[in-house]
Every structure is written in structure tokens, then in C-alpha cells.
Amino acid sequence: MLKNPAVNDQPLELGPLRHTAAHLLAHAVVDLFGEDVKLAIGPATETGFYYDFVKEPPFVPDDLPRVESRMRELIAADLRMRGEAIDRPSAEAYYRDRQQPFKLDILYGIAPDEPLSMYTIGTFTDLCRGGHVRSSADVGAVKLLSIAGAYWRGDERNPMLQRIYGTAFPSQAELDAHLQHLAEAEKRDHRRLAKELDLYSIQEEAGPGLIFWHPKGGRLRAVVEDFLRGELRRRGYEAVYTPHMLHEDVFNTSGHLQSFADGMFGPMEVENQRYRVKPMNCPGHILIYKSQPRSYRDLPLRLSEFGTVYRFERSGTLHGLLRVRGFTQDDAHLFCTPDQLQPEFESTLDSALSILRAFQFTDVRLYISTRPDEGLGDEDTWKRATEAIRRACEHAGLPYGIDEGGGTFYGPKLDIKVRDAIGREWQLSTVQVDYVLPERFGLAFTGPDGVEHPPVMIHRVLVGSFERFFGVLIEHFAGAFPTWLAPVQVVVVPIAEDQIAFARSVREQLSEAGFRAELDDSNERLQKKIRNHQLQKVPYMLVIGKSEVQAGQVNVRSRSGEQRAMPLDAFVQQLGREVSERA
RNA sequence: GCCGACGUAGCUCAGGGGUAGAGCGGCGGUUUUGUAAACCGCGGGUCGGGGGUUCAAAUCCCUCCGUCGGCUCCA
């Protein structure tokens, strides 16, 4: 999720091709470093392949080119891939002789009745289920990308292996295209762009995973917050604010201390009472619900909050804005009657889609997660809720995938993933049905029958967390935000000192019209100023020289480099239209 | 957290036992400029923190912190 482009529209033949490439990687490693390198597994992935090894001493980055060129020799040698059935005792003997503990481990993990096979290419034989291209020559073009640590079978209690990642394509041209795609992704890296555009920082002395929003990032966030607040008002949400820390008992009641303790920061002791910084906003909103008796007439009650939460994430997993320890969710909790679940879910989905569209995420995919094994509550309730989600998706007219057993322990959920400008998929919105928390907190409403009933809760975030959302937005737009979002929308650029006064009044008029406009009265040449603001990806520059002052006009240079002289009024109108259309 | 790499000026980076460097940015000046880098000058760093080896450490060793690539999970 963090960075893998997860491009699923690759032709299927790439799988076998890359699987074969993984065998060639192991072949090359054994050729260069000898048979005492321990071999683990080497599958194809969505974007390439890897192979896990244990080598003493470990691989160093300089090894990659050597291994890669050995692989190229193997490809050029046009080696046939041959598969052969093998019986279990022979396979065990084979790997016992060669002292390959991981291969033996794999063998032990395969069901006794399953047939085994060994695949040989060149001088390298590997236990393998198959799924290969015919010859090493079919692999075409390979590139080794990185070395990384990985636990055996992904479990941190197991030994650490060294993983070599690579990718392969039928032709050099396709490989080059892919590498270019990677380079493009790197150019869009939000950590880099955010530094260049001065949006946020993380300060070593303040702690990792904690975000400082600089003025320009803050403007961006404020614009988005205002936009979302408008949406919330329109859709009947109430804004609430809840404390950042709550008594530990609340998290006992909610169950967070049982099921989410690993994600929480430790307790603070105050006057003999233990407090916790909140990792989620739901308990606070529930307490507001609980603060008075509720009637069915009060429902649905929609409580929203840009709630800042803190979660303990292991240091090695932190990543710019995408994975942090403190973040603010555009959170809301809807308390409704069982009958209201369906329409509330529909309108929540509708608002999520319209918001994502506003940010030019038009390629969205829906995923319904159903009951996991550890799901609480009765089967029937789950079924009905899942059905409500399904109907909401159909109502929205969008196809959806099903993630069987992917729900939370308290209810089924709908995740919305979007595809960004260069095809990467990100999960932003999630809408979750919850029967458990209302029960744990003993929530109730009085029905028309005069009897108390438990409400159903919907947890939902639409942009998710502002931090992550901005990470995604920055990369989606490559830092060139549409005008309605841009921290600086217009820079007024006088050519020489004589025009500063006029330029200043232009800037003032723009500010008064509600735009984020700045004046560049620095003592630099025009070219330099243009370069600076172009690098800052400002949507518009208004160049003002002698002739503009004389004509009472502005010369508009757009981010794309187009120029056009026009009266300021005309520009203001154009800009206003662009902003209100969120173009 | 673990494996590996990395950490030198605000930024991007060079230097790898013998007195800390460049470009850009910043500051001061000259220039008054027409659509992506004018010119001259000046500052600026306990080389991530701490400890050790050495006559001498940015450089070698240990340790801690942080960053990056991954492993698991999530907003």
C-alpha cells in the first residue's frame, strides 16, 4: 500500500516470465556466490519478482550489477526450463544433501498428497510448482532493483532473509517504460515535493512520525477542511470536538485496550488515574451520544469531527505523510436505527464519491469486506448489514469487489480505493458498520413503541486522514495543485521598480476578491522570478511592465506557459470561475 | 521492532586519520531588467548525539537517535 504501484492491468504472461526470472536470479546468485547460499522462495509479484536468500556475508549493493549481468548471460544462453515430477523422499534427500533448511521447510509445509515437481534451468534446479516461460530467452529484459530484509514467511519470529527485488519484461523497451514509470513516481514523491514546496516537515528533535504543517501546507489543509465542512453541513452532520486524552476506563469499555493496545501510546498517570491519548475518535462521540437519553426522533445523529489521533507505529514503518504516528481524520459517527442503516449508508457513499471526484479521483473501486472468523454478533445481523452495503453500492451504480472475511470484528465495511494520475491505487475512504460498540457502551434509543433499542453505528472517514490524503494528493498532482487548492494561486510580478506600486494594488485587489495572491517585489530579473514561481508550481503569474501599467492591464502567464494580456477584471472573473468549478 | 544502506551549511552534494569545501538559497551592494538562473561582496557547520582508539577523528571502533529500501498491519 505504501509505494507499490499495484498495477493490475499487466498481461498475465508476465507472471510466468517473472517467475522464470526469479529462478534465473537464484541461478546467477549460486553461480557467483556458491552453493552454500541458502535459498528460500522466489515468486513473481505484480510489478516484478524477488528471491529470498541467506548469504554470509550479506549482499551489498555492488553485488546487484554483477548478479544482473550474470542473469543477462543466462538469458542470452537461451536455456530451456524443464519441469519434472519428483517424489517426496527424493526431494527431501536432495535438499538435505545440499543443506537447504528453507527448502526443507517448504517441503514439510506441502500437503502429503500434493504432487511435487522440480524445475531446472541451466544448471539450477529448484523445487517449484511451475508456471514458467519456455526458455530463459523469453525473459527478455531484467533489472535488479534493490536488496531488502524480509522475515522467513513474513513472520518476525523467523530468521531474517535477504531479499533481492527485480523486474522483468519481454523486451527492453517495455522494461525501459517501466523504469521510466518508477522514475516518474520518484519525481512525484511527496516527501521531496513537500520539501521543495515548503508544505510540512518532520523534526527529529520532536519525534518521528509527527507532522508540522508549514504555512503553505496549512493553507492547503484549511481549504480542504473548509470544503469538507461545507459538505458536512449540507448533509446534516453536527460538528463536535472531543478531548485528545480520555480516562483509560473508556478504552476498556470500548475494547480498544483489548484489541488495539499495540496501536496505542502508553498511559499517563494523573492524580492516581490513568489516561490514554486517543487512537480513535469513536469513544468520544459515543460519550456524546450517551450524554442524554435518545429518542428515535433524534436519529440519525451524525457527529463529525476532524479528530486528531495518535497511534503507535513501529519506527521502521513510518513513511512521510503516508504512515505517521499522529494524524487527523475527517471522522464521523452516525447513530441510527436499524431501518436507517440502508439510506445512511447510501448517502455516506454518495458523499464520499462526490468528495473524491472534487479532488479529481475519478477512477474509484469499491470493496466490501464481510464477516471475519472472529466477528462478534449473530450471523443474521451481519448478513443484513452486508446486504445493506451491497445495495448501497448498486444504488451508486458502481461495481464492487468482495473481500471475504476482511471485515472488522465489529462489523462489515466498505473501502473505497482510488487510482491516482499514474495508476497507483490508494485506500482513502472507509465506511464501517458497527453493532459492537453501541452494545459495549450500552447505547439505546427509545423507539416509537416506547421501548429501548440499541442503535447501529456507522464509522466513516472520507479523505481518511489529512496527512495521508495530502501525501496522496501531492503525488496525484505532482505538486501542481489545481487552482482552488494551490497555496499560492497568483503571484504578481512587476518587471522593474517603477511598476511595484501598480503591482501592489493588483495584488490587493486579488486578495480582496478572496484569492491567495502574493507580490514578488524582489530585486531579481523577470526570468528569475518566473523560474522561481514556476518551480513553486504557482497556477498564475501576472507580469506587469511598462505597457501593462500604461494600458491598465495584466499579462497573465499560466502554469503551462501560455500568456495573455487582459484587464484585471477579466482575470478575476476567470479565476473565480476556475475556483468555483474546482477545475 | 528486525535486516541492510545512509546522516557533512537552510537545500543538493563533494571530501574518508593531519587547520571543514562547492553550487543554490540567505544577507549587503551594483544593476531597473519583458516570460525558466544578472554581477560583485559577506556571512553561515561542536561533519546526527554520546563514548572509545590515536600525538591527532568528519574520517576508524562501540552505542544511541533519525532517514531511506523492505518484512507485518492499518488512515
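These numbers were taken from a predicted model, which means no experiment stands behind them. Letters A, B, ... mirror the listed sequences (proteins, then strands); counts begin at 1. Side-chain atoms are counted along with the backbone in the values below, which use heavy atoms only and exclude waters and symmetry mates.
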Enquirer: Which part of the nucleic acid, if any, lies within reach of Ala150(A) when heavy atoms closer than 4.0 Å are counted: base, sugar-phosphate only, or nothing?
Expert: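 Ala150(A): backbone/sugar contact only, no base atoms under 4.0 Å.
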Enquirer: Show every salt bridge (charged side-chain N to carboxylate O under 4.0 Å, His left out) that has at least one partner inside residues 208-227 of chain A, sequence neighbours left out.
Expert: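 For residues 208-227 of chain A, and leaving out neighbouring residues, the salt bridge (charged side-chain N to carboxylate O under 4.0 Å, His left out) pairs sorted by first residue read Arg219(A)-Glu518(A), Arg221(A)-Glu225(A), Arg221(A)-Glu467(A), Glu225(A)-Arg229(A), Asp226(A)-Arg229(A).
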Enquirer: Determine the contact category for Arg191(A): base if any of its heavy atoms lies under 4.0 Å from a base atom, sugar-phosphate if only primed atoms, P, OP1 or OP2 are that close, otherwise nothing.
Expert: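 It contacts sugar-phosphate atoms only.
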Enquirer: Just wondering, do Phe469(A) and A75(B) stack (centres under 5.5 Å, planes under 30°)?
Expert: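 The ring of Phe469(A) is not stacked on A75(B).
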Enquirer: Could you tell me if Glu305(A) and Thr242(A) have a donor-acceptor pair between their side chains, going purely by distance under 3.5 Å?
Expert: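 Indeed, the side chains of Thr242(A) and Glu305(A) share at least one donor-acceptor pair under 3.5 Å.
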Enquirer: Considering every strand shown, what is the Watson-Crick or G-U wobble mate of C6(B) when both distances are under 3.5 Å?
Expert: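 Matched C6(B) with G66(B) under the 3.5 Å cut-off.
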Enquirer: Under 3.5 Å, which protein N or O atoms sit close to an N or O of nucleotides 8-13 of chain B? Give each pair with its distance.
Expert:
unit_1: U12(B); atom_1: OP1; unit_2: Lys195(A); atom_2: NZ; d: 3.4

Enquirer: Could I get a table of every N or O pair under 3.5 Å where one atom is in the protein and the other is in nucleotides 59-66 of chain B?
Expert:
unit_1: C65(B); atom_1: O2; unit_2: Glu204(A); atom_2: OE2; d: 3.4
unit_1: G66(B); atom_1: O4'; unit_2: Glu204(A); atom_2: OE2; d: 3.3

Enquirer: Starting at atom CZ of Arg311(A), determine the distance to atom C1' of U72(B), rounded to an integer number of angstrom.
Expert: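 In whole Å, U72(B) C1' and Arg311(A) CZ are 16 Å from each other.
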Enquirer: Between G69(B), C71(B), C74(B), which one does the side chain of Arg163(A) approach most closely?
Expert: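 Nucleotide nearest to Arg163(A)'s side chain: C71(B).
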Enquirer: Determine the contact category for Gly149(A): base if any of its heavy atoms lies under 4.0 Å from a base atom, sugar-phosphate if only primed atoms, P, OP1 or OP2 are that close, otherwise nothing.
Expert: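 Base contact.
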Enquirer: I'd like a list of close polar pairs between nucleotides 23-34 of chain B and the protein, N/O only, cut-off under 3.5 Å.
Expert:
unit_1: G25(B); atom_1: OP1; unit_2: Lys528(A); atom_2: NZ; d: 2.7
unit_1: U30(B); atom_1: O4; unit_2: Asn523(A); atom_2: ND2; d: 3.0
unit_1: U31(B); atom_1: N3; unit_2: Asn523(A); atom_2: OD1; d: 3.2
unit_1: U31(B); atom_1: N3; unit_2: Asn523(A); atom_2: ND2; d: 3.2
unit_1: U31(B); atom_1: O4; unit_2: Asn523(A); atom_2: OD1; d: 3.3
unit_1: U31(B); atom_1: O4; unit_2: Asn523(A); atom_2: ND2; d: 2.2
unit_1: U32(B); atom_1: O2; unit_2: Glu497(A); atom_2: N; d: 3.0
unit_1: U32(B); atom_1: N3; unit_2: Glu497(A); atom_2: OE2; d: 2.8
unit_1: U32(B); atom_1: O4; unit_2: Glu497(A); atom_2: OE2; d: 2.2
unit_1: U33(B); atom_1: O4; unit_2: Asn523(A); atom_2: OD1; d: 2.5
unit_1: G34(B); atom_1: O6; unit_2: Lys546(A); atom_2: N; d: 2.7
unit_1: G34(B); atom_1: O6; unit_2: Ser547(A); atom_2: N; d: 3.0
unit_1: G34(B); atom_1: O6; unit_2: Ser547(A); atom_2: OG; d: 3.2
unit_1: G34(B); atom_1: N1; unit_2: Ser547(A); atom_2: OG; d: 3.1
unit_1: G34(B); atom_1: N1; unit_2: Glu548(A); atom_2: OE1; d: 2.8
unit_1: G34(B); atom_1: N2; unit_2: Glu548(A); atom_2: OE1; d: 3.2
unit_1: G34(B); atom_1: N2; unit_2: Glu548(A); atom_2: OE2; d: 2.7

Enquirer: Reckon Glu313(A) touches a base, only the sugar-phosphate, or nothing at all at heavy-atom distances under 4.0 Å?
Expert: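 Result for Glu313(A) = base.
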Enquirer: How would you list all residue pairs meeting ring pair (Phe, Tyr, Trp, His ring centres under 6.0 Å) that involve residues 541-564 of chain A, not counting sequence neighbours?
Expert: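 Ring pair (Phe, Tyr, Trp, His ring centres under 6.0 Å) check on residues 541-564 of chain A returns no pairs.
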Enquirer: Scan Leu161(A) against the nucleic acid and name what it touches under 4.0 Å (heavy atoms): base, sugar-phosphate only, or nothing.
Expert: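 Nothing: the residue Leu161(A), judged by heavy atoms under 4.0 Å, touches no strand.
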Enquirer: What side-chain donor-acceptor pairs closer than 3.5 Å can you find for residues 201-210 of chain A, not counting sequence neighbours?
Expert:
unit_1: Ser201(A); atom_1: OG; unit_2: Gln203(A); atom_2: NE2; d: 3.1
unit_1: Ser201(A); atom_1: OG; unit_2: His214(A); atom_2: NE2; d: 3.3

Enquirer: Hey, does Val324(A) reach any base, or is it just sugar-phosphate, or nothing, if we go heavy atoms under 4.0 Å?
Expert: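 Base: the residue Val324(A), judged by heavy atoms under 4.0 Å, touches a nucleobase.
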Enquirer: Base, sugar-phosphate, or nothing: which does Gly316(A) touch, judged by heavy atoms less than 4.0 Å apart?
Expert: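 Base: the residue Gly316(A), judged by heavy atoms under 4.0 Å, touches a nucleobase.
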Enquirer: For a quick test of reading the model: is some side-chain N or O of His533(A) closer than 4.0 Å to OP1 or OP2 of U35(B)?
Expert: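 No, no such contact exists.
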Enquirer: Does Arg314(A) reach a base, just sugar-phosphate, or nothing at all? Heavy atoms under 4.0 Å.
Expert: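 Base: the residue Arg314(A), judged by heavy atoms under 4.0 Å, touches a nucleobase.
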